[in-house]
Asker: 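Quick one: structure below, then a few questions.
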Amino acid sequence: MSLTELSITELHSRLARREVSALEVARAHLDRIEALDPMTVRAMLTVTRDHAERQARAADARLTAGETAPLLGIPVVLKDVLTTRGIRTTAGSKILERFVPLEDGTITQRLAEAGTIMLGKSNMDEFAMGSSTENSSFFPTRNPWDLDRVPGGSSGGSAAAVGAEFAPFSLGTDTGGSIRQPGALCGVIGFKPTYGRVSRYGLIAFASSLDQIGPFTRTVEDCALVMNAIAGHDPCDSTSLQAPVPDYTAALQKEPSLKGVRLALPREYFDVEGMEPGVEAAVKAAINQLESLGAELGEVSLPHTRYGLATYYLIAPAECSANLARYDGVKYSLSIREPGAGLWDVYERSRGEGFGREVKRRVILGTYALSSGYYDAYYLKAQKVRTLIKQDFDSVFEHYDAVVGPTSPTVAFPIGAKTQDPLAMYLNDLFTIPTSLAGLPGISVPAGLSNGLPVGLQIIGKALDESGVLRIAHAFEQSTHWHTLRSPIAQMDAATARSA
Amino acid sequence: MTITRAEVAHVARLARLGLSDDEMDRLASELDHILDAMQELRQLDTSAIPPTAQVIPLQNVMREDVARPSYPAEEILQNAPVAHDGQFLVPPVLE
Amino acid sequence: MISATPVSPSTPTAAKYEAVIGLECHVQLATHSKMFCGCPSDYSGAPPNTHVCPVCLGMPGVLPVINRTAVEYTLLTGLALNADIPEATKFDRKNYPYPDLVKGYQISQYDLPLVKGGWIEITVEGQTRRIHLERVHLEEDTGKLTHVSGGSLVDFNRSGVPLMEMVSQPDLRTATEAREYLRKLRTILRTLGVSGADMEKGQLRCDVNVSLRPVGQAKLGTKVEVKNLNSFRSVQRSLEYEIVRQAAALDAGETIPQETRGWVEERGVTVTQRSKEEAHDYRYFPEPDLPPIFVSADWVSTLRSRLPELPDAKRDRYIATFGLGTADASALSIDQWAARLFEDTVAAGADPKKAANWIQNDVSRLHDETSSDGHTLDAAHLAELLRLVDDGVIGISAARQVLPSVYQSGRSPRTLVDELGLAQVSDSSALEASVREVLAANPAPVADYHSGKLTAINFLKGQVMKATRGKANPAVAEDLLKKLLDE
């Protein structure tokens, strides 16, 4: 088996036994990216070979000294929305095309300290706004299952990278579904933790009350290992939670039994207009599988689900309009200065040209929603409906351990299919948005195929019950084979590709 | 409701976002469409509901007043589009 | 060009109108670190952009963390101002684009400020009035823009420094009151130790707003805001100017446009500032990166127990304990340096009223002239000087003469008096010879005296002082003259 097919746990065991060095592992992945990425998925914006090899050598020294930390020597790809010191970080935007951060974000730092090897920064929808990675200022990323289709977004590059086996894990960010939805579309695990569980310091902000960093992996166990490394309080993030971090791997049981686990099926997440029948069928089959493992199912209602999109598309743009005000061409972002231009010309030109369509749309929408005379009707109203949405979940969680349903209403759609109608694009996040609004942890696990394309099962837990969610996901994974399916690109051999 | 180009222009000005006439027209109609879809929020009686300012119940998160060294000026100016004499340079406001 | 003659509010024109004045002050807090990051907040003398980090530069990915001391300093200020301290408070984003505002929004407070209400008592011409505040809130300062030819330079050392915004109600009525309000405020802030409150160093910035209305009218006139004030004096002068300007305009039947004007120090006038676009729409919303603050009763009582003696309490104590009048007690209590010296001088045995008098006049003048030299007057020395006068060893004018030397050299008054030979001659027998000479040399005034014009003794006394080169003890000289004249 080639090194790039291996999971984190598998790589770790080889590294720990010194069967292979961290440098070899790093190179294997870097070579694969070099050979395949530009011609296939185009997941990467920046490949950091020198940096990776340096880190690999350091990891090797630690391994030789006898260290056995679980992520030591493991390669990772970071969504280009996470700041990396000395390595340009673009947030997928032309306005930051040349920006080089002065410091690593907290999570980047934690992963580096854990001994991981950063292979590069991945492509994304600009400023994390989008569900297809078509909004990247640079180029669209393609789905490793079908290169004519989107990988989902906004963390399309990170999802595709894991789906194409460029790295055993990657980090993405999720604001309304931007980890879970691309995870589902690319056939990998994507996990959004409870809001506040993982530090946001170093995460280029889109919507401050919604953004969270989370992992893409190919196994649930790998996901738990990554969560162990990144979860936890950060004094640099005032919204990060003090709650102690358990060992998430302890939640994974050997026996895939869900006896005693009560799972809620929200009626608003099924038989919805726009939902593909193949997706619905796969998810229902997955839920039957959960039942066969001993879970008790119950139909519930999350009655305010249908208001989720409107609520999200008022709150997120409002916050983003403020978060993006700093890109003014004064301190570090694109600055277009025509001769004779005044101060405001610089602002307007730089932002007008530096931001793409979707970003401009949301900045205008958000500014409007907050503007004088409209604040109560739009922003404030949305924040109140948000409370109702959260209360829906709170009621359900009084009687259930988790909510299950589809991650996305469709499988990966063709590139360009939804770019003309923003509202159609927004519908991709129908099932993921409420979880974000309520700040709850949610995972998407591979749950089958529809027309040969991956379908994701979403499992939503109570606040801070990452363990519960991982336990259910793990049981499902262990009793099915979906996680073993490899995308066509994953199956491509770097050597063959190079000689082709 | 109908959002006019003038309204988009006003909002764009608040955000200091340069838009062409075409862009403004397009955004006016898109905004219209999106805000229409949001009217449904009106159906909900939220008079007794508090807004979620924060989804996690935290309060009094503060740090001790301890100074630590700042970054060197060269690094602070590293990404500056235009710098002069250790400061960031911007053009004047033109009336 | 209207001349900048200071006009008292009692001139005919201004007396038709009542000035309604409010002050908005921004106070830099004397914390070690900035409001939301650990950069050192005292940037005085530092080269540009050397007190900056990614957080106060507003770089992508950064997050703010509240400085607890800044919050406590604001709460202490509220307590010192007798204000309400609400339990629930939070920060909000105030959105507007400007090059000195790194994030394009300022983290400030909108509807739930840390402090609400409050008041400051001021004493002007013997009258004490309460000036109420609307609120005090906490926010971060912006960078500094310096205009050069071809643009502006931006220095972010100041970006993120904690700032208290203190808004008064429009209770002030005269320029003098405004100045007293600021002086009192400054003393309170310095007594608390929350700010140096030095306007010249930019630690205290002040904008005024002033409107005029016919005396007796309840409705307020149009408010004009004045900015660019660098000292208490310019606050006072600009208000005096504005009141005259607006009164003249109203008399001429003009309407006062609501506007912002800038004070031009060199010319002593306010001028219309280039119309700054439309009024800002700040689009306030609660700061999602910062959880709210709950100010518990325990926290408040702990802070209250930390309050030092404030000016009003000091004033009252001076009246009760030392028998000072209200005006003297107020004046001393506002001036920390003077209050300290006063108490120490009294402790060293001086009479309070005399000490108060000397400190507010001669010593104060000296202090103002030489304060930058780092000299201080030893209270024991001042007490000694006053005793020398009381004991008749020196006259008042000699005391005034020796004071600067005591101040600068730090040597005892007695030593300097002896060295300079300033001791009064109080011994009658020593003076007798001079007095006899004067009487002999001035037969006409002597005759006047003897014929009933008793005031002629003053001239003779003057002559004795002249003859003794000021050294004669005037009282002793007078007694001696009378005795010899009556012989």
Side-chain angles (χ1 to χ4, degrees), chain A residues 81-83 89-91 96 99 101-106 108 127 199-205 207-211 234-240 315 318-319 321-333 342-344 346-347 351 366-375 379-380 383, chain C residues 36-38 49 52-68 90-107 110-111 143 145 147 150-156 159 276-293:
Chain A
V81 76
L82 302 177
T83 60
T89 302
T90 67
L96 286 179
F99 172 66
L102 301 186
E103 53 177 6
D104 281 338
T106 298
T108 303
F127 285 105
S199 170
R200 287 188 297 122
Y201 190 87
L203 160 46
I204 298 179
S208 314
S209 73
L210 295 158
D211 293 342
D234 179 14
C236 294
D237 176 359
S238 302
T239 60
S240 80
I315 294 173
E319 290 177 7
S321 69
N323 286 327
L324 268 56
R326 67 192 66 195
Y327 305 110
D328 51 15
V330 174
K331 311 165 296 281
Y332 47 65
S333 56
L343 176 71
W344 299 125
V346 174
Y347 271 64
R351 291 160 65 75
T367 307
Y368 186 86
L370 289 172
S371 67
S372 167
Y374 296 111
Y375 177 85
Y379 184 75
L380 186 60
Q383 289 288 24
Chain C
F36 297 115
C37 70
N49 292 305
V52 187
C53 74
V55 176
C56 54
L57 191 62
M59 295 194 101
V62 300
L63 293 171
V65 186
I66 297 168
N67 180 331
R68 179 198 303 278
K90 64 170 168 62
F91 288 93
D92 301 281
R93 290 189 184 178
K94 178 179 182 182
N95 301 278
Y96 67 94
Y98 207 61
D100 65 1
L101 189 60
V102 292
K103 298 184 291 296
Y105 60 86
Q106 179 193 36
I107 301 180
Y110 181 49
D111 55 329
L145 273 171
H147 299 294
S152 308
L153 294 174
V154 199
D155 171 13
F156 292 112
S159 167
K276 289 186 168 173
E277 328 84 40
E278 31 326 323
H280 284 294
D281 177 358
Y282 292 122
R283 306 186 298 287
Y284 286 100
F285 67 98
E287 173 55 81
D289 289 334
L290 296 174
I293 295 179

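Lettering of chains follows the sequences in order, A, B, ..., and the numbering in each one begins at 1.
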Asker: Please give me the minimum heavy-atom distance between A:Asn323 and C:Arg93, naming the atom from each residue.
Answerer: OD1-NH1, 2.9 Å
Asker: In the structure I gave you, are the side-chain heavy atoms of C:Pro99 and A:Leu343 within less than 4.5 Å of one another anywhere?
Answerer: yes
Asker: Can you tell me which portion of A:Glu103 sits under 4.5 Å from chain C's heavy atoms? Options are side chain, backbone, both or neither.
Answerer: side chain
Asker: Below 4.5 Å from any heavy atom of chain A, which atoms of C:Phe156 appear? Answer side chain, backbone, both or neither.
Answerer: side chain
Asker: Give me the atom names and distance for the closest heavy-atom approach of C:Asp289 to A:Ser208.
Answerer: OD1-CB, 3.3 Å
Asker: So which heavy atom on A:Arg326 is nearest to which on C:Met59, and how close?
Answerer: NH1-O, 3.1 Å
Asker: I'd like to check the ring pair (Phe, Tyr, Trp, His ring centres under 6.0 Å) partners of A:Tyr379; sequence neighbours left out, ordered by chain and number.
Answerer: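 In terms of ring pair (Phe, Tyr, Trp, His ring centres under 6.0 Å), with neighbours along the sequence ignored, A:Tyr379 is linked to A:Tyr375, C:Phe285.
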Asker: I want to check something: taking the side chain as every heavy atom from C-beta on, are A:Lys331 and C:Val154 in contact at a cut-off of under 4.5 Å?
Answerer: no
Asker: C:Pro60: what forms a side-chain contact (heavy atoms from CB on, under 4.5 Å) with it, not counting sequence neighbours?
Answerer: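 Result, side-chain contact (heavy atoms from CB on, under 4.5 Å) vs C:Pro60: A:Leu96, A:Phe99, A:Ile204, A:Tyr327, A:Tyr332.
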Asker: Does the C:Asp281 side chain pair with the main chain of A:Ser372, one donor and one acceptor, at a distance under 3.5 Å?
Answerer: yes
Asker: When rounded to the nearest 0.5 angstrom, what distance separates CG in C:Leu57 from CG in A:Leu102?
Answerer: 7.5 Å
Asker: Is A:Pro235 in contact with chain C via its backbone, its side chain, both, or neither, using a 4.5 Å heavy-atom distance?
Answerer: backbone
Asker: Chain C heavy atoms under 4.5 Å from A:Ser209: which part of the residue, side chain, backbone, both or neither?
Answerer: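 It is both, since atoms from each part get that close.
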Asker: So do the side chains of A:Ser238 and C:Pro291 get within less than 4.5 Å of each other, counting heavy atoms only?
Answerer: yes
Asker: Examine whether an atom of C:Asn95 lies under 4.5 Å from a heavy atom of chain A, and if so say whether it belongs to the side chain, the backbone or both; otherwise answer neither.
Answerer: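 Looking at C:Asn95, just its side chain touches chain A.
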Asker: Checking A:Thr367 against chain C: side chain, backbone, both or neither under 4.5 Å from a heavy atom?
Answerer: both
